[in-house]
Peer 1: 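Just dropping this structure here.
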Protein chains: 2
Amino acid sequence: MRLSNLADYAVITMCQAATHCGDGRVSAAELAAETGLPVPTVQKLVSKLTGAGLLRSVRGAHGGLQLGRPAAAITVADIVEAIEGPIALTACVDHVACDFEAGCNMRAHWPIINVALRGALAGISLAQLRNPPAARPLPLIEEIQA
Amino acid sequence: MRLSNLADYAVITMCQAATHCGDGRVSAAELAAETGLPVPTVQKLVSKLTGAGLLRSVRGAHGGLQLGRPAAAITVADIVEAIEGPIALTACVDHVACDFEAGCNMRAHWPIINVALRGALAGISLAQLRNPPAARPLPLIEEIQA
DNA sequence: TCAATTCGGACGGAATCAGTCTGATTTCCA
DNA sequence: TGGAAATCAGACTGATTCCGTCCGAATTGA
């Protein structure tokens, strides 16, 4: 149920990249130095984030990285999905057959849980991360149901 | 971001145990046979579930297991927490120091995400699992924010 | 007192993940 | 146009965690 370390690092890295938004390009080595993460790890993250379109890389001398979209258009859900793949708590939602379906009535319930989780992650943009969170937290699902 | 297999199995096992609610006691071996899970695995699950109070075990001859509370008072969140510990996506919410706090503004945001996730799991009781889910799914967090 | 049943901890194998390294590609400058 | 610099991209190794299994101890009913 824990987020992988790489996904956690990716959020930190993207957050740091956003602070260089107006500075032109940033190298992966700079991001590593500023965040304290190992350089090869940041390179690995950057590779996946670029593939997902969240970062845009320019190779060659004086190359570097920049955000692929405005910070407000990048959410935590986007970053997590770029590193870990689709956001889902169980494999059975990925259309993979489950060996224990006989005694399992959860199949119809997991999508609801997954949507709630993804919604929570998608509700936080990179732009919001640079500011303190809203004073009023999101309502609880329990309160909504009541 | 995936639920561990054991947590998934625990939900299935509890669901099966609930079907024996009126039959007195059930042995772990019976639950294993009905769900198709390995017997030792079910025993391990039962041990943790009993420790959390979700199951009640009676030792000795003609012993067995029964629900520790009414099915309506046991939620998926309870089961998952019994197996995996507190529901949280990142370690930093557990009051564990994070090495990368310098460039990390996520600290204030994770509790919101965690609460939303736990709420989604806590909104589904064991009694509900035996019936098809409500026709109207829960609202998306995105819709709530709008 | 004996037999049946469960609980608890310890062990081995497997899979996944984090981290490191080396090679290929691209661009700028002389 | 050629060389050099800086970057990205993929493959590999080591370690951690997790799953599944087994065996001994404790408890209860006959």
Peer 1: Can you list, in residue-number order, the parts of residues 47-56 of chain A that come under 4.0 Å of DNA chain C, counting heavy atoms only?
Peer 2: none
Peer 1: What residues, two or more places apart in sequence or in another chain, satisfy side chain to side chain donor-acceptor pair (under 3.5 Å) together with Glu81(A)?
Peer 2: Arg118(A)
Peer 1: Report, one pair per line, the protein and nucleotides 24-27 of chain D atoms (nitrogen or oxygen only) whose separation is under 3.5 Å.
Peer 2:
from, atom 1, to, atom 2, distance (Å)
dA26(D), N3, Arg59(B), NH2, 3.4

Peer 1: Closer than 3.5 angstrom, by distance alone: can the side chain of Gln16(B) be matched with the main-chain N or O of Glu34(B) as a donor-acceptor pair?
Peer 2: no
Peer 1: How close or far is atom P of dA6(D) from atom CD of Glu30(A), stated in whole angstroms?
Peer 2: 12 Å
Peer 1: Applying the side-chain contact (heavy atoms from CB on, under 4.5 Å) test to Thr41(B), which of Leu6(B), Thr13(B), Val46(B) qualifies?
Peer 2: Leu6(B)
Peer 1: For residues 63-72 of chain A, pull every pair meeting side-chain hydrogen bond (donor to acceptor under 3.5 Å, both in side chains), keeping only residues two or more places apart or in separate chains.
Peer 2: Arg69(A)-Asp78(A)
Peer 1: State, yes or no, whether a side-chain contact exists between Met14(A) and Leu45(A) at a heavy-atom distance under 4.5 Å.
Peer 2: no
Peer 1: Can you name the side chain to side chain contact (heavy atoms under 4.5 Å, CB included) partners of Ala33(B), sequence neighbours left out?
Peer 2: none
Peer 1: Would Glu30(A) and His20(A) count as having a side-chain donor-acceptor pair, cut-off 3.5 Å?
Peer 2: no
Peer 1: Specify the separation, in whole Å, of atom CG of Leu65(A) and atom C1' of dT7(D).
Peer 2: 9 Å
Peer 1: Separation of Asp8(B) atom CG from dC18(D) atom C1', in whole Å?
Peer 2: 15 Å
Peer 1: Please list each protein N or O that sits under 3.5 Å from an N or O in nucleotides 11-19 of chain C, with the distance.
Peer 2:
from, atom 1, to, atom 2, distance (Å)
dA18(C), OP1, Asn5(A), N, 2.8
dA18(C), OP1, Leu6(A), N, 3.2

Peer 1: Testing Val26(B), Leu54(B), Leu126(B), Leu49(B) for side-chain contact (heavy atoms from CB on, under 4.5 Å) with Leu67(B), which one passes?
Peer 2: Leu126(B)
Peer 1: To the nearest Å, give me how far apart CG (Leu45(B)) and C1' (dC18(D)) are.
Peer 2: 13 Å
Peer 1: Return the 5'-most residue of the pair Val58(A), Gln43(A) with respect to DNA chain C, ranking by each residue's nearest nucleotide.
Peer 2: Gln43(A)
